Each structure stands twice: as C-alpha cells, then as structure tokens.
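Here, residue 1 is the first one in the sequence, and each next residue gets the next number. Note that the structure is predicted; figures quoted are calculated from it, not measured.
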Amino acid sequence: MTKTEGTIRLTTAQAVIRWLANQYIEIDGQQMRVCGGGFGIFGHGNVTCLGEALNSVQEELPLYRGQNEQSMGFAAAGYTKQWLRQRFMFCTASAGPGTANLLTAAGLAHANRLPMLLLCGDTFMTRLPDPVLQQMENFYDPTFGVNDAFKPVTRYWDRITHPAQVIQSLPNALATMLDPADCGPAFIGLPQDVQGWAYDYPEKFFAKKVHRIRRQSPDVAEIADAVAALKEAASPMIIAGGGVQYSRAVEELTTFAETHNIPVVETIAGRANMLATHPLNIGPIGVTGSDSANAIAEKADVILAVGTRLQDFTTGSWTAFDKDAQIISVNAARHDAGKHMSLPVVGDAKLSLAALTEVLDYTAPQSWVDLAKTERSKWDAYVAENVKPGNRPNSYAQAIGVVNDLCDPRDRIVAAAGGLPAEVTANWRTLDVGTVDVEFGFSCMGYEIAGAWGARIAQAQQEPEQDTITFCGDGSYMMLNSDIYSSVLSRKKLIVLVLDNGGFAVINKLQNNTGNESFNNLLEDCPTIPEPFGVDFVAHAASMGAQAEKVTNPAELGDAFKRAKASDKTYVIVMDVDPYEGWTTEGHAWWEVGTPTVTESERVRKAHEDWEASRIKQRRGV
C-alpha cells in the first residue's frame, strides 16, 4: 500500500475490510465495532485477495472458519439475534457453489429482518479467462450469473465493477442493515480480478465512524387514530412481536400493558417479551400457540400489534381474530404497519408505546382481563401436565420441561424447524426476557446447531457464564450438524439436545392429519429403505470432539443436563421420543395448507372437508 497526500492506495478487497473495521456502534454507553467479525470458507474466488486483506485484521475482525456456507449464514443470523440486530457478522464465500450455498441463509435473514453482510466471489469482470472454473455461463446475458439469484433474498445488492464503487456501496449496505424498517441482508459481489485492482482512496473514507440505529417517532395523527380506537375497546389485546425486543422496548410494552390493564399475547419471534409469571402475559398466540391466547384473540375487538409482521402462524392464516376486530399496527416498517387495513402507526416501538401511554386515558374492563387471566391459568395447568415425565411415552414437551426446570434464567434457548419450534413456543415458560430464539420466520432445518453457534459467539461477548441450549430433531441434525465441530474448535460451548423420533415426524403428523397415509417421512415408512436403522448420534457427535451421551427417559435427561451444564465443552444429549403420541394437542389455531380437492381416498376427502370448514372464519384482507 502507498500513500499520496490525502489518499491511500489499496486493493478493492483491502478497502472493503479496512472500512468495515472502522465502523462502530454505541451500545449501553460502550463503543464497539458494529461488525463482530465474520465466517469464511475460502476458495479461488476469495482467498487470494479478500483472504489477504482479512489476514491483516485478525484482532479487529476475527474470522471463524466455517464447515458449510449455509451454516455460516445461519450462525451469522444467530449472532445478530443475540445482539438484537445492533451488531452483525459478514460471511465470505468463493465464487460459484460456495456463494450459492448462502442463498438459503440469505432467505432466512430476509424473512426475519436480520442484518448480514455477504462478501462473495464473482466471475472475472474482464471476461478474458472465461469460462472459468465453477462459472455458470448464461448464453443470452453474460452479466447474469449465480450471484444474481441473491436479488430476491437481500435488501441491498451490488456487484463491484470498479474499486471506486465501494465508496458508495459500503455505506449504503450498512445503512440498509441498520435501518429498522429495511433491515435485512446485504450482498456485495466481488469479481476475482476487481478484488485485486488498486485505487487511490480518500483517507477520510476510513476514518472511525460511530453509527446509531434510527428511532423514528410516530406521526401525531396516527397516534391520535390509535388512541381513538383503543378508547372504544371493550376487549382489547396486545400482540407483542420480535420487534419489541429489537427496539429494546420490553419495559415500555410492560408499562403500557400495566398502565392500561390490557392483556398481552406473544408471537413466536416475540417469545420472552414478558416473563411467564407476569399476570398480563396470556401466552403465545396462533397455530403453535396456547388455548389462552387464541381464546381471547377471537373475542378481542381492538388488537394492538406491536413489532410483528403478522405471519400466518400468528394469525392462524387470518382466522384467529374476529372479522370485525380493528387492528392497530405499530411497526417501523410501513409495509408491515398497513396489513389487513390496520390503523398504521409507523414508528419505533419504544417511542410509539411511550407516546401512546402518554396520551391514552383508558383502562380495559376488569371483567375482560379476568377472563384472559382465567384462560391463562387453565393453559398453565395444561402445560404443567403436558411436560410432566411419565404422562405418556417420551416427548418433546417432557424434554422441554426438564430443561426449563434446570437451566439458568439467562441461558439462551434455540429451536428452528420441525415439531420442536411449536413445542418450545407452546410449552416453554419464560424465565427472563430476551432468552428465546425460535427461528420460525423461514423455519430452516439446520439452523438449530449453526444458529446456536453464532448465538454463543455473541453470548460469550455479553454473558460468558451462561449457556446456549439448542433443541434439535434427528432430521435437522442430519440436515446440518457440522457446527458441533465448529463449536468445539472455537471453544464456544453448546448444549445440544437431539430428540430422535425416527425421521420427519411432524410432517408425517401433518400428512396423517390431512388423511394421507404415512409415506417417505418416518424412516420406517420409506419404501426405498429395505431395513431402516437409526444413526448413532452419540458416536457421531463424539467424533467431532463433543462430549455426548444417550439417555432413555426424562429423569436420565435431567441428570445428563446437569453434567452438560458443568462441562466446559460442547455437550450432546440424545433421547428417543415417540413420533405419534408425543405431541402437544392443545393450543392450535387453524392453518391453511393445500389439500386435494379431488381424491379417490375417502379419508383424504373427509380431511379436506374438515380442513376447509374453518375457512369461513378467515379475514379476506380486511
């Protein structure tokens, strides 16, 4: 690198990394880098130039070696969730299949509104060596390649064709990632030749900059509309989403609910907004929710939805609410605030709740609140029985109950795909705020272990004495397990509970519930498997350096969990669970799935009719 007056000559890759290392954010009075580092797998598309640049900033931007590009993206998502979107990680992958493997992770980050920076190799800008190894040749458009596939699943996309372009591109990417309304993954394609090209960059481009996450004040007129609607409410309800936590508005939510005596229900992303013992916490809502929350949802006349995108698992495919209920939607994103003819309050949750509290002179009728609390106490009794060991064959709920009783209140709980996110959402009793990560926005199998690894990296920076605990089914384990090895290598301990039900049991359950025969989900129901057998998960996890053991029942699980807590190394506990009798059977709202309208099966025909019978309750966009 050379300097002239006011400039410094760097390669494109060096400029990207130097700029990134000088971007800061202030959190609780402490300045720290907004980028916590990265996850990387090197190949010919990123090792020679970007790798050279990263090698010089190992302290400032630590690089974690990934085992799989998709899992690197999941880990980055788990990291930023733990940091409440205030910090993020980058992922770097080589051109071609390495970068393509990040597509699913980008989709997860986009669906969940999570910041993630993707620094990916690209084909040569000069095209002189084309076609190159792993290049997808497009015969009608030579500029169109694998990296263009990221456009639908990122919030910001750019391909750097000249070194000077990063001066505009990098600040735009970061602004997008830190914007509460537009937050999501940012993709920057780095052609292999352009990465090594040099340019005289202005030195001040690399000056330290401290960023802030914008808090948008709500419009006064929109607050007035919301207040007018709430004042007329006979049976109001608050839906608390994940945006409450990202806004750091848990205190304001609680104050608002207590001041106006309004019952609160939580979305999947909003789990752990309130403690399970708070008298106004009526439980999780929706398809994987609670009878208590769903009971008041269908009776509520005014619904204040805070920080939620109102996904179908929250709304019961829009059957969970009375068709005449008025929704007030508080959201930083205009797109989310206006859904189903909501009265929109476009603004930061923390500021908006404070503004509503200040001007709203209203208290919900006590008879309504008493009804909600009665429903919650009935649900609590159901959950207590549901998680009790010995009430039926080994179940997810029993395992959840064991961990709930023995973990520290500040331990982080992670779940993602299959039946476990539903079971955690319904049965977990929140011990402290912000301690649950159920990734059900994109519901990616494989997030369980990879996302937990990223969460643990972040947790180690904040609460190193706590544990990250992940619930993982055998199907998700088989889908993506290599970050057990990553966690051992990086000394970021995880506690992994592998609950083995012999296949994709929750989809088998859906298959059966819609009248279909079991087919291709449980191992025993696959015609192409002559002799089904299970995986020795203990031996497999041990081969990756983890401590591991198998238990036969919840009592043994409790003893093993205590050993896991005492260990300083990633610990895997395996327990078989029943694929048929182990489910939480209460608390479900209707969920729209496509069922055959024409069939030769009487069972399928009857199930279709039963399923469609609930459609009459569905709101049609209003």
Side-chain angles (χ1 to χ4, degrees), residues 39 66-82 104-105 107-109 111-112 114 268-269 271-272 288 396-397 399-400 402-404 407 411-428 435-459 467-488 490 492-507 535 537-538 540-541 544 546 548 557 561 564 570-577:
F39 299 97
Q67 320 304 325
N68 176 291
E69 291 89 356
Q70 179 173 301
S71 75
M72 293 192 322
F74 290 168
Y79 179 92
T80 195
K81 279 191 175 188
Q82 175 74 20
T104 302
L108 180 146
N112 287 282
L114 299 174
I268 298 171
R271 289 295 271 117
T288 60
Y396 286 162
I400 290 164
V402 168
V403 174
N404 216 163
C407 73
D411 286 344
R412 187 160 186 82
I413 306 302
V414 179
L420 274 164
E423 297 291 317
V424 171
T425 299
N427 293 289
W428 187 262
T435 53
V436 178
D437 173 10
V438 177
E439 195 293 292
F440 228 43
F442 212 50
S443 186
C444 277
M445 296 178 72
Y447 176 86
E448 295 89 343
I449 295 171
W453 179 44
R456 177 57 195 154
I457 292 171
Q459 185 188 50
D467 281 307
T468 296
I469 304 159
T470 183
F471 290 96
C472 185
D474 55 301
S476 283
Y477 184 101
M478 293 300 293
M479 187 75 71
L480 198 57
N481 55 61
S482 56
D483 285 320
I484 290 176
Y485 183 52
S486 302
S487 71
V488 177
S490 59
K492 297 295 185 286
K493 173 197 167 186
L494 304 176
I495 298 177
V496 182
L497 282 84
V498 181
L499 303 177
D500 184 356
N501 54 24
F504 305 140
V506 73
I507 297 302
V535 172
F537 293 113
V538 171
H540 187 267
M544 291 189 284
L557 174 61
F561 185 76
T570 290
Y571 207 106
V572 177
I573 307 170
V574 182
M575 185 174 80
D576 292 341
V577 295

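Put simply, CZ on Arg456 and OG on Ser486 are 15.0 Å apart, with the number rounded to the nearest 0.5 Å. Between the CG atom of Asn68 and the OG atom of Ser482 there is a distance of 5.5 Å, given to the nearest 0.5 Å. The OH atom of Tyr79 lies 8.5 Å from the CZ atom of Phe39; values are rounded to the nearest 0.5 Å. Once rounded to the nearest 0.5 Å, the distance linking CE of Met575 with CG of Leu557 reads 5.5 Å. To the nearest 0.5 Å, atom CG of residue Asn404 and atom CD1 of residue Ile413 are 7.5 Å apart. Distance OG1/Thr104 to CZ/Phe74: 6.0 Å, rounded to 0.5 Å.
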Sequence neighbours left out, cut at 3.5 Å: what donor-acceptor pairs do the side chains of residues 498-507 make with other protein atoms?
| residue | atom | partner | partner atom | Å |
| --- | --- | --- | --- | --- |
| Asp500 | OD1 | Gly502 | N | 2.9 |
| Asn501 | ND2 | Tyr396 | OH | 2.8 |

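Test Val424, Thr425, Thr435, Asp437 against Arg271 for side chain to side chain contact (heavy atoms under 4.5 Å, CB included) and you get one pass: Thr425. Remark: of the listed residues Val414, Leu494, Ile495, Ile495 is the sole one forming a side chain to side chain contact (heavy atoms under 4.5 Å, CB included) with Ile469.
Between Thr468 and Ala455 the shortest heavy-atom distance is OG1-C, 4.3 Å. Gln82 approaches Ala458 most closely through the heavy-atom pair CG-CB, 3.4 Å. Of all non-hydrogen atoms in Leu420 and Phe471, the two that sit nearest each other are CD1-C, 3.6 Å. Considering all non-hydrogen atoms of both residues, Val572 and Ala546 come closest at CG2-CB, 4.2 Å. Closest approach of Ala417 and Glu448 over heavy atoms only: N-OE2, 3.1 Å. Pairing each heavy atom of Ala416 with each of Ser443, the nearest pair is O-OG, 3.7 Å.
Residues forming a side chain to side chain donor-acceptor pair (under 3.5 Å) with Asn481 (at least two apart in sequence, or on another chain): none.
The number of heavy atoms from other shown groups lying within 6.0 Å of CE (Met478) does not exceed 12.
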- Query: So Val488 and Met544, side chain to side chain contact (heavy atoms under 4.5 Å, CB included) or not? Walk me through it.
  - Reply: CA-CA 8 Å; Val488 177; Met544 291 189 284; 5.9 Å; no
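Within the 4.5 Å cutoff, no side-chain heavy atoms of Ser476 are placed close to those of Tyr447. The side-chain heavy atoms of Lys81 and Leu114, taken from C-beta on, include a pair separated by under 4.5 Å. Between Lys493 and Asp467 the shortest side-chain heavy-atom distance falls below 4.5 Å. Between Asp483 and Gln67 the shortest side-chain heavy-atom distance falls below 4.5 Å.
Evaluation of the salt bridge (charged side-chain N to carboxylate O under 4.0 Å, His left out) test over residues 411-425, restricted to residues two or more places apart or in two chains, returns Asp411-Lys565.
No donor-acceptor contact under 3.5 angstrom links the side chains of Ser71 and Trp453, judged on distance only.
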